[in-house]
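Residue numbers start at 1 and run along the sequence shown. Source: prediction; values computed, not measured. Atoms within each ligand, like the ligands themselves, are counted from 1 in listed order.
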Amino acid sequence: MVAMFLTVLGCSGSIGGPTSPASGYLVEVEGLAPVVVDMGPGVLGALQRHAVPEEATVLLSHLHADHCLDVPSLMVLRRYGPRSSTCARVPLVGPSGSAYRIGVASAEEPGTVDDLSDTFEVSTWDVTPEVELRQGDDDDGAVALTVRSARVNHPPESYGLRFTSADGRVLVYSGDTAYCESLVELSAGADVLLCEASWTHDEAHPPGIHMSGREAGLVASRAGVGRLVLTHIPPWTDREAVRAEAAAEFGGEILVAEPDLRVDI
Ligand SMILES: [Zn+2]
Ligand SMILES: [Zn+2]
């Protein structure tokens, strides 16, 4: 069996917190280049503890600042760091407009856009909803990981991601989303659901943004997942209250994400 691992790089919801960077996760499959899913502020630092950042494929769920603003720093490392002379371009997949939005964030002058194409091969989920990641550097390598995206319910164009290894192990990441049927469908039968739970349940929360612990538990339960990992809990939200809400809806194992947590999928 080929192992697949999830490592939490950062899990603090909406902003970096006192004990965690903002959102970022590492997915590792034997024989495949490391895959970084979201790169909020502080994630590049954490990534250096676990992988060679220049080798990483980058997948972005959406372009809120807390999920992508360490990508310009990764570009600095790829262009000017000790491995810059041997850095091959790596895939970056995100919402439509990813090259432009990150290019603006990385630009040196107002009104200009940094051209990412020297360092990233950018594609977008709206055009390519499913991506196959292969072993080795060419297109002939065996497919080690398939990533399927689905639109979820969050103000900007946002995606949940379903990772399936060559031998059928499944990890689903919710990205940021309110409770929605597309996430339940995407998560069906997953071994592990990495799911946002940004607040405790309160009908007064604005619709179409985030989930409560109760809603994350409900997604896990309805989708019939094996284990639930709660993430994207902001520094001002009570983690234990979120976990208790999820546990009232989902009877399986529940973990609360923290930096360096490593989960064998
Ligand atoms: Zn977020
Ligand atoms: Zn967001």
> the Zn ion (ligand 2) as vertex, arms to OD2 of D176 and NE2 of H62: angle to 10°?
Replying inline: 90°
> Of all N/O/S atoms in D66, which lies nearest to the Zn ion (ligand 1)?
Replying inline: OD2
> For the Zn ion (ligand 2), which N, O or S atom of H64 is at the shortest distance?
Replying inline: ND1
> Is there side-chain contact between V8 and D260, with heavy atoms separated by less than 4.5 Å?
Replying inline: no
>> Between H67 and H154 (judged by ring centroids, cut-off 6.0 Å), do the two rings come close enough to count as a pair?
In response: no
> Within less than 2.8 Å of the Zn ion (ligand 2), any N, O or S from H210?
Replying inline: no
>> I need the NE2(H232)-the Zn ion (ligand 1)-NE2(H67) angle, rounded to 10 degrees.
In response: 110°
> So is R78 actually on top of F120's ring, under 6.0 Å and inside 45° of the axis?
Replying inline: yes
>> Within the 3.5 Å criterion, strictly below it, is a donor on H62 or D38 matched to an acceptor on the partner's side chain?
In response: no
> In terms of the angle between their ring planes, are W199 and H205 parallel, tilted or perpendicular, with boundaries placed at 30° and 60°?
Replying inline: parallel
